[in-house]
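Starting from 1, each residue takes its place in the sequence as its number. Side chains included, hydrogens not; waters and symmetry mates left out as well; all remaining heavy atoms used. Please read all numbers here as calculations on a predicted model, not as lab measurements.
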Amino acid sequence: MIVKDSTKNLNCFKSTWKYFADKGIYLILLNIIPSLLMPFVLSPSVTMYYLFDIKNIDTTNIGNLFLRMWDMPYSFWYIGIIGLLLLIPTSAITFGVIDRHMRVGEFTVSPSRIKTRLNYNVLTSLKFVIVAFIALEFYNIVATLLFYLWANVFPNTTTALVFSCATLGVMELCMIFTMSWFILWPPFMLHTGMKSFNALKTAWGNMSGRLLKTALSLIVVVLPLQIIMIVMAALNLGVVSRTVLDAVAYAIIIPYYLTLMYNTFYDVTGTERMDIEAKKNDIWSKK
């Protein structure tokens with residue numbers, strides 16, 4: 001396999017944005033149902049709402065604090081579980097859609113290809129969704145434990161709040177860097193025939209020199225959404241607004257991440273992008 005050294009430029013980042021601007025709406029629609037359902041069990045904004053409500057929470061009781069951090073909107077947690085389960089097949093289909101487009105230049109979400117894409121990709125998608133879920137929950141648990149520590153170590157609420165805000169920022173960065181480390185794992189499993197662990201080692205090895213740029217590519221998308229979440233939490237617009245924004249965040253971040261995944265994979269392996277070649281040869285395409 002030819003490994004391309006593109007660690008000194010931003011070509012992969014630029015191509016990801018171009019691809020997402022062109023095909024992102026289709027990928028968003030493909031993953032829209034799990035995106036709408038997952039906030040009921042896994043809210044990306046719950047820690048921010050804790051920070052704005054810290055004075056009204058019994059932070060001396062760690063059990064109560066954990067319940068507060070996992071407070072499911074409307075208590076319809078089972079809807080979120082359904083969303084997580086649906087994310088497995090929709091991600092598997094997305095893998096196939098993006099890969100086929102880049103490999104042969106044909107972009108199609110035709111139902112006739114769904115069975116094939118599920119047969120080949122669903123196991124890899126299952127593994128990846130589980131890893132992403134564990135990672136997000138792990139950092140949520142660590143953040144909750146640290147929130148409890150700061151609240152009980154510092155009698156001054158303002159000091160505890162400052163440390164909690166810093167904790168939230170660090171946990172967000174840790175999650176982004178973790179998902180950046182794992183970004184090449186699915187395509188290496190799917191396209192090299194390697195077993196999970198060997199594919200993971202190869203993926204990590206190929207992220208050398210690319211980790212920071214990949215993380216920054218994710219931060220560019222995540223940060224504006226986080227800022228909006230902070231504003232909405234400060235305004236206390238209610239659980240419905242929070243749930244809708246969480247769904248919007250998932251709807252954007254999931255397909256963007258999968259787009260970045262395959263752009264990075266094709267860039268790393270030096271594989272020719274037939275979607276780009278097809279566009280160059282299309283006399284009707286915009287220059």
Chemist: Which pair of heavy atoms, one from Asn121 and one from Gly96, lies closest together, and at what distance?
Modeler: ND2-N, 3.5 Å
Chemist: Please check if any side-chain donor atom of Asp267 sits under 3.5 Å from a side-chain acceptor atom of Ser15, or the reverse.
Modeler: no
Chemist: Given Asp99, which partner from the list Tyr266, Tyr120, Tyr262 fulfils the side-chain hydrogen bond (donor to acceptor under 3.5 Å, both in side chains) test?
Modeler: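 Between Asp99 and the candidates, side-chain hydrogen bond (donor to acceptor under 3.5 Å, both in side chains) is satisfied uniquely by Tyr266.
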Chemist: If only atom types and distance count, is the side chain of Thr167 paired as donor or acceptor with the main-chain N or O of Phe163 below 3.5 Å?
Modeler: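 Yes; at least one donor-acceptor contact below 3.5 Å.
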Chemist: Counting C-beta onward and ignoring hydrogens, is there a side-chain heavy-atom pair between Met274 and Arg100 closer than 4.5 Å?
Modeler: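 With C-beta onward as the side chain, the pair stays apart.
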Chemist: Looking at Thr90 and Leu87, would you say the former's side chain and the latter's main chain have a donor-acceptor pair under 3.5 Å?
Modeler: yes
Chemist: What is the minimum heavy-atom distance between Thr264 and Met207, and which atoms define it?
Modeler: CG2-SD, 4.5 Å
Chemist: What do you reckon, are the aromatic ring centroids of Trp204 and Phe188 less than 6.0 Å apart?
Modeler: no
Chemist: Are Tyr250 and Ile227 connected, step by step, through hydrophobic side chains (Ile, Leu, Val, Met, Phe, Trp, Tyr) whose heavy atoms are closer than 4.5 Å?
Modeler: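 Per the 4.5 Å side-chain linkage, Tyr250 and Ile227 are co-clustered.
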Chemist: With a 4.5 Å cut-off on side-chain heavy atoms, are Val41 and Leu84 touching?
Modeler: yes
Chemist: How close do Pro39 and Ala247 get, heavy atom to heavy atom, and via which atoms?
Modeler: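 What the structure gives for the nearest pair is CG-N, 3.6 Å.
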Chemist: Can you tell me how far apart CG (Leu27) and CG (Asp22) are? Round to the nearest 0.5 Å.
Modeler: 10.0 Å
Chemist: Do Trp181 and Ile134 belong to the same hydrophobic cluster, where Ile, Leu, Val, Met, Phe, Trp and Tyr are linked whenever their side-chain heavy atoms lie under 4.5 Å apart, directly or via other members?
Modeler: yes
Chemist: Just wondering, more than 12 heavy atoms not from Ile33 lying within 6.0 Å of its CD1?
Modeler: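 Atom CD1 in Ile33 is not packed in, count stays at 12 or less.
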Chemist: Mind checking whether Leu86 and Ile82 have side chains closer than 4.5 Å, heavy atoms only?
Modeler: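 Result yes, sub-4.5 Å side-chain heavy-atom pair found.
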Chemist: Can you find a pair of side-chain heavy atoms, one from Pro44 and one from Gln226, that are under 4.5 Å apart?
Modeler: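 The answer is no; the side chains never approach within 4.5 Å.
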Chemist: Begin from the C-alpha positions of Tyr139 and Glu172 and carry the test side-chain contact (heavy atoms from CB on, under 4.5 Å) through to its verdict.
Modeler: CA-CA 8 Å; Tyr139 288 120; Glu172 293 282 350; over 6 Å; no
Chemist: How are the rings of Trp185 and Phe128 set to each other: parallel, tilted or perpendicular (split at 30° and 60°)?
Modeler: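 Tilted: the ring planes of Trp185 and Phe128 meet at 30° to 60°.
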Chemist: Between Arg210 and Val268, which heavy-atom pair has the shortest distance, and what is it?
Modeler: NE-CG2, 3.4 Å
Chemist: Please give me the minimum heavy-atom distance between Pro34 and Gly83, naming the atom from each residue.
Modeler: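 Smallest interatomic distance, heavy atoms only, reads CB-O, 3.2 Å.
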Chemist: Start with the C-alpha distance between Asn263 and Met102, add both sets of side-chain angles, then the distance that settles side-chain contact (heavy atoms from CB on, under 4.5 Å), and finish with yes or no.
Modeler: CA-CA 9 Å; Asn263 272 271; Met102 293 184 177; 3.4 Å; yes
Chemist: Once rounded to the nearest 0.5 Å, what's the spacing between atom CD1 of Ile254 and atom CG of Leu30?
Modeler: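 Atom-to-atom, Ile254:CD1 and Leu30:CG are 11.0 Å apart.
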Chemist: side-chain contact (heavy atoms from CB on, under 4.5 Å) for Leu126 and Ile130? Distances and angles first, verdict last.
Modeler: CA-CA 6 Å; Leu126 171 63; Ile130 290 174; 3.8 Å; yes
Chemist: Side chains of Met179 and Tyr257: closer than 4.5 Å at any heavy-atom pair?
Modeler: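 Yes; the side chains approach each other to less than 4.5 Å.
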Chemist: Do Val162 and Val170 share a hydrophobic cluster, counting only Ile, Leu, Val, Met, Phe, Trp and Tyr and linking them when any side-chain heavy atoms are less than 4.5 Å apart?
Modeler: no
Chemist: Is a side-chain donor or acceptor of Tyr256 paired with a backbone partner of Ser217 at a separation under 3.5 angstrom?
Modeler: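 Checking the backbone N and O of Ser217 against the side chain of Tyr256, a donor-acceptor pair under 3.5 Å is found.
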Chemist: Rounded at 0.5 Å granularity, tell me how far CG in Leu190 sits from OG1 in Thr124.
Modeler: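 So the CG of Leu190 and the OG1 of Thr124 are separated by 4.0 Å.
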Chemist: Would you say Thr202's side chain and Asn198's backbone share a donor-acceptor pair under 3.5 angstrom?
Modeler: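 Yes; at least one donor-acceptor contact below 3.5 Å.
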Chemist: Kindly indicate whether a cation-pi arrangement holds for Arg242 with Tyr49, taking the cut-offs as under 6.0 Å to the six-membered ring centre and within 45° of the axis.
Modeler: yes
Chemist: Could you check Met189 against Lys195 for side-chain contact (heavy atoms from CB on, under 4.5 Å), going step by step and ending with a plain yes or no?
Modeler: CA-CA 6 Å; Met189 278 192 288; Lys195 292 184 178 180; over 6 Å; no
Chemist: With a 4.5 Å heavy-atom cut-off, do Glu137 and Leu42 have their side chains touching?
Modeler: yes
Chemist: Using 0.5 Å steps for rounding, measure from the CD1 atom of Ile81 to the CE atom of Met38.
Modeler: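 Going from CD1 on Ile81 over to CE on Met38, the span is 11.0 Å.
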Chemist: Sub-3.5 Å donor-acceptor pair from the side chain of Ser45 to the main-chain atoms of Asp246, do we have one?
Modeler: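 No; judged by distance alone, with no hydrogens or angles, the pair does not exist.
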Chemist: Can you confirm whether Asn140 sits close enough to Met171 that some side-chain heavy atom of one is under 4.5 Å from a side-chain heavy atom of the other?
Modeler: no
Chemist: Is Phe107 reachable from Val104 through a run of I, L, V, M, F, W or Y residues, each pair having side-chain heavy atoms under 4.5 Å apart?
Modeler: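 Shared cluster, no.
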Chemist: Test Ile93 against every option in Thr116, Ile114, Asn31, Ile98 by the side-chain contact (heavy atoms from CB on, under 4.5 Å) rule and name the one that passes.
Modeler: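 Exactly one pass, corresponding to Ile114.
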Chemist: Less than 6.0 Å separating the ring centroids of Phe40 and Tyr78?
Modeler: no
Chemist: Return the CG to CG distance between Leu118 and Leu123, rounded to the nearest 0.5 Å.
Modeler: 12.0 Å
Chemist: What residue among Lys14, His101, Arg273 forms side-chain hydrogen bond (donor to acceptor under 3.5 Å, both in side chains) with Tyr19?
Modeler: His101
Chemist: Would you check if Thr108 and Val97 make a side-chain contact, meaning some heavy-atom pair closer than 4.5 Å?
Modeler: no
Chemist: Are Met194 and Leu200 connected in a single hydrophobic cluster, I mean Ile/Leu/Val/Met/Phe/Trp/Tyr linked by side-chain heavy atoms less than 4.5 Å apart?
Modeler: no
Chemist: Looking at CG of Leu161 and CZ of Phe52, how far apart are the two atoms once the value is rounded to the nearest 0.5 Å?
Modeler: 8.5 Å
Chemist: At their closest point, which heavy atom of Ile28 faces which heavy atom of Phe20, and how far apart are they?
Modeler: CD1-CZ, 4.2 Å
